[in-house]
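When a residue number appears, it is its place in the shown sequence, counting from 1. Read the numbers this way: they start at 1 and go in the same order the structure lists the ligands and their atoms.
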Amino acid sequence: MAFKERVFSGVQPSGNLHLGNYLGAIVNFVALQERYDCIYCVVDLHAITIWQDPAELPRATREVTAAFIACGIDPKKHIIFNQSQVAEHAELAWIFNCVARVGWLNRMTQFKEKAGKDRENASVGLYVYPNLMAADILVYRATHVPVGEDQKQHLELSRDIAQKFNNDFAASIHAHGYGDAFFPQPEPLIQGPATRVMSLRDGSKKMSKSEPSDYSRINLTDDADAIAQKIRKARTDPEALPSEEKGLEPRPEADNLVGIYAALAGQTKAQVLREFGGGQFSNFKIALVDLAVAKLGPIGNEMKRLVQDPVYINGVLADGATRARVLAAETMNAVKDIVGFVR
Ligand code: TYM
C-alpha cells in the first residue's frame, strides 16, 4: 500500500540548541518544506527522561520553537507544536512498549551512553525512550524523518516496531480494511556534509548540549564575538589543509571544520578544499568565522526577539497542537480497533 508522504521530526527542549542541531537536522527541516507536508515537534516528553527544572522547561520549549521559526519553518503551512499537548504520543508509546522487545532496547547505544555507569539509577523513561520516538513518528504515519547521524539506530528501531505491529496484527489490520500494512516503514533522511558535527575541543566527541565546556559548541544564540572566539580556539592540527577529501580521513578536527564550512556555505567538502586546500588553518578559520557569523547571527537575533513574545509562541504551539491532534486521533482510533480495544 502506498502511504501519503509526510515528514516528522523532533528536537528536545533540554538546553542550548547548537550548530549540530542546526546543520544535522534543522537546515534539512527547512528544505523539506518545499516538497512535503511537515510536522516538527518540540519533544518535551522526551526531555523529562532526564531531570528538567520545571521553572526552566517552558522557556526551553519556547526557545526551540523560536529556533524553528527563525531558521525558516513556516508554522502556518506546516505544523509546529510541543509533544505533551497531543496525548496520543504517550498513548501509542504504551502500545509500542508492548510490541518492542526488551532485547531490542538493550542494544540501544544512546541509552548506554546517557545512563553511563549508574544504569540502575536511570529513569525507566530513558530506557523506553526509543518506543516513544517510534510513536511520535508513527502516530502521524510519517514516511520521512530528517535527523542527524546519532539518531540512526533509533530510526531502525522505529522501523522494526512498525514491521512487528504490522505482522502481529496482520489479520486484524486486514479485517478492518487497512490492507496489508497499517504503518509505513519510516525512512531516515540523514543528509548534507555535517550529519555528525563534532566538539570544537575534541574531534572524537559529538557536539552536544550536555558537554560542560561551552567552548565545545557554537550555540544558536551566541553573538558574533562568542562565535569568533570559539572558532579561533577550536582545536586543529599543525598541518596545512589537504586538497583532497581523502586527506581529511585521519584528521577529525580538520574534517569537522571543513564539514561545518561546507554545510554553512551549501557546498560539498570537496568544493571547500578546492578553495582552501594547501592553505593554513589560520586563514581558513578567518573565513569560517565570517561565514558562521553571517549565517547564524540573524538566526540568533530573531530567536532572541521571538522568545520575548511568549504569547505569540504559545499561540503557535497551541495552533499546531490542535492540527496535530486531528491527525493523531485518526491513527489512534484505528490502532484501538486493530488491537481490539472497545471504544
Ligand atoms: P536531539 O534533541 O538530541 O537533537 C535534535 C536533532 O539534532 C541532531 N543532532 C546532531 N546532528 C549532527 N551533529 C550533532 N552533533 C548533533 N547533535 C544533535 C539529532 O540527530 C536530531 O536530529 N531523539 C531525538 C528527538 C526525537 C525525534 C523524534 C527525532 C524525539 N522523537 C522523532 C525524530 C523523530 C533527539 O534526542 O534529538
Decide, yes or no, whether a salt bridge links [X] with [Y] under the criterion of side-chain N to carboxylate O below 4.0 Å.
X      : Y      : value
Arg323 : Asp319 : yes
Arg59  : Glu56  : yes
Asp37  : Arg6   : no
Asp255 : Lys269 : yes
Arg217 : Asp222 : no

| query | Of the backbone atoms (N, CA, C, O) and the side-chain heavy atoms from C-beta on, which set of Met198 has a member under 4.0 Å from an atom of ligand 1: side chain, backbone, both, or neither? | reply | neither
| query | Counting heavy atoms only, which part of Val147 comes closer than 4.0 Å to ligand 1: side chain, backbone, both or neither? | reply | both
Ligand 1 N/O within reach of [X] N/O, cut-off under 3.5 Å:
X      : value
Gly20  : yes
Asp150 : yes
Val197 : yes

Please list, in number order, the atoms of ligand 1 under 4.0 Å from a heavy atom of [X].
X      : answer
Gly24  : 11 (N), 12 (C)
Thr195 : 11 (N), 12 (C), 13 (N)
Lys206 : 15 (N)
Val145 : 33 (C), 34 (C)
Asp136 : 28 (C), 30 (C), 31 (N)
Ala25  : 6 (C), 7 (O), 22 (O)
Gln12  : 2 (O), 35 (C), 36 (O)
His18  : 17 (N)

In terms of residue, atom name and distance, what is the protein heavy atom nearest to [atom]?
atom                    : result
atom 23 (N) of ligand 1 : Tyr129 OH, 2.6 Å
atom 28 (C) of ligand 1 : Met133 CG, 3.3 Å
atom 37 (O) of ligand 1 : Gln151 NE2, 3.9 Å
atom 9 (N) of ligand 1  : Asn21 ND2, 3.8 Å
atom 25 (C) of ligand 1 : Gly10 O, 3.5 Å

| Can a donor-acceptor pair be found between the side chains of Asp44 and Thr61 at a distance below 3.5 Å? | no
| said: For a quick check under 3.5 Å, do Glu187 and Thr143 share a side-chain donor-acceptor pair by atom type? | reply: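 Note: Glu187 and Thr143 side chains miss the donor-acceptor criterion.
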| query | Under 6.0 Å from the six-membered ring centre of Phe341 and within 45° of its axis: does the NZ or CZ of Lys336 meet both? | reply |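 Because its charged atom misses either the 6.0 Å distance or the 45° angle limit, Lys336 does not stack over Phe341.
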| task | Report yes or no: is the cationic atom of Arg141 (NZ for Lys, CZ for Arg) closer than 6.0 Å to the six-membered ring centre of Phe8, at no more than 45° off its axis? | result |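 Not flagged: Arg141 not positioned over aromatic ring of Phe8.
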| query | When the ring planes of Phe284 and Tyr261 are compared, do they come out parallel, tilted or perpendicular, using 30° and 60° as the limits? | reply |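 Phe284 vs Tyr261 ring planes: tilted.
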| request: Give a yes or no on whether the ring-centroid distance for Phe96 and His89 is below 6.0 angstrom. | output: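 Ring centres of His89 and Phe96 not closer than 6.0 Å.
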| Mind checking whether Tyr36 and His144 have ring centres under 6.0 Å apart? | yes
| Nearest-option assignment for atom 22 (O) of ligand 1, heavy atoms, candidates Gly148, Ser208, Ala47 | Gly148
